[in-house]
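In each ligand, atom 1 is the first atom listed, and ligand 1 is the first ligand listed.
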Amino acid sequence: MRIDILSLFPQIATAALAESIIGRAQQRALVEIHAHNIRDWARDKHRTTDDTPYGGGQGMVMKCEPIFEAITALRSEGCKVAFMTPAGAPFKQTTAQRFASECKHLIILCGHYEGVDQRVIDQLVDEEISIGDYVLTNGVIAAVVVVDAIVRLLPEVLGDATSAVEESFAGGLLEFPQYTRPVEFEGVRVPEILLGGNHAAIAKWRQEQSLGKTRRARPDLLA
Ligand code: SAM
């Protein structure tokens, strides 16, 4: 899979995605990630990427021309263009799974200031994506979240393929509690059932824990 991130702060994406599992996935060529500065496609001598909004109001709006040029230059046959926006559809594990399995080339457009000229969205964007009901200063932070969630689902990225199966949301529930050594810490012991080696009983206990935790923390997932 190839991912192109278009933003005014590409260095944020490059730095965040160079570490740990996603960084190693790039080194192993399991994914190709390129972060670009939209300013590189601005043609005027000040390399302008924003202007005041028609109709008045506060803030600045990102201009059409550099974004059109950038996407035209990067686009490939069958690629998808996603725009990060709080006004988009909520990004979920199922969204990440869909991109990881169906999309070979994803271009992620990141807004800044008040957002992006609507003509960009209407003419170039396939999907508007929100990472939650709050407003960030710019879309590259949201793009990093989306890229991380997608790339970890690509084949061979996680050391153990079952990691992405036995985790929150994968089966519609939150994950069960996890424990490691020592068996007792500050007077609190690991649940006895996890120490007995009875895998069927452990699986049943984990399923019950998942259900209980989901009921308490995210009853909407069970609705
Ligand atoms: N004026 C916009 C609005 O009210 O919807 C908010 C603009 S926000 C200050 C600047 C940029 O940050 C947006 O264009 C978008 O790319 C990104 N952004 C902010 N919050 C986001 C969220 N929850 N999900 C995805 N992107 C977000």
Trainee: Would you mind checking if E156 and R24 are paired as a salt bridge, meaning a charged N to carboxylate O distance below 4.0 Å?
Mentor: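 No, no charged N to carboxylate O under 4.0 Å.
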Trainee: Hey, are E102 and K80 close enough for a salt bridge, meaning a charged N less than 4.0 Å from a carboxylate O?
Mentor: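 No, this pair does not count.
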Trainee: I'd like to know if the side chain of N37 and the backbone of D40 have a donor-acceptor N/O pair within less than 3.5 Å.
Mentor: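 Not confirmed, N37 side chain does not pair with D40 backbone.
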Trainee: Name the orientation class of the two ring planes belonging to H36 and W41 (parallel below 30°, tilted from 30 to 60°, perpendicular beyond 60°).
Mentor: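 H36 and W41: perpendicular rings.
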Trainee: Not counting sequence neighbours, list each pair that qualifies as a salt bridge (charged side-chain N to carboxylate O under 4.0 Å, His left out) and has a residue in residues 210-223.
Mentor: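 Every salt bridge (charged side-chain N to carboxylate O under 4.0 Å, His left out) pair that includes a residue of residues 210-223, provided the two are not neighbours, is R218-D220.
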Trainee: State whether the side chain of H105 and the backbone N or O of R75 hold a donor-acceptor pair below 3.5 Å, judged by distance alone.
Mentor: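 It does not hold such a pair.
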Trainee: What short N/O contacts, under 3.5 Å, does ligand 1 make with the protein, listed by atom pair and distance?
Mentor:
| residue | atom | partner | partner atom | Å |
| --- | --- | --- | --- | --- |
| ligand 1 | 1 (N) | E114 | O | 2.8 |
| ligand 1 | 1 (N) | E114 | OE1 | 3.3 |
| ligand 1 | 12 (O) | G139 | N | 3.3 |
| ligand 1 | 16 (O) | M84 | O | 2.5 |
| ligand 1 | 16 (O) | G111 | N | 2.8 |
| ligand 1 | 20 (N) | L136 | N | 2.9 |
| ligand 1 | 23 (N) | G132 | O | 3.0 |
| ligand 1 | 23 (N) | Y134 | O | 2.8 |
| ligand 1 | 24 (N) | I131 | N | 3.1 |
| ligand 1 | 26 (N) | T85 | N | 3.3 |

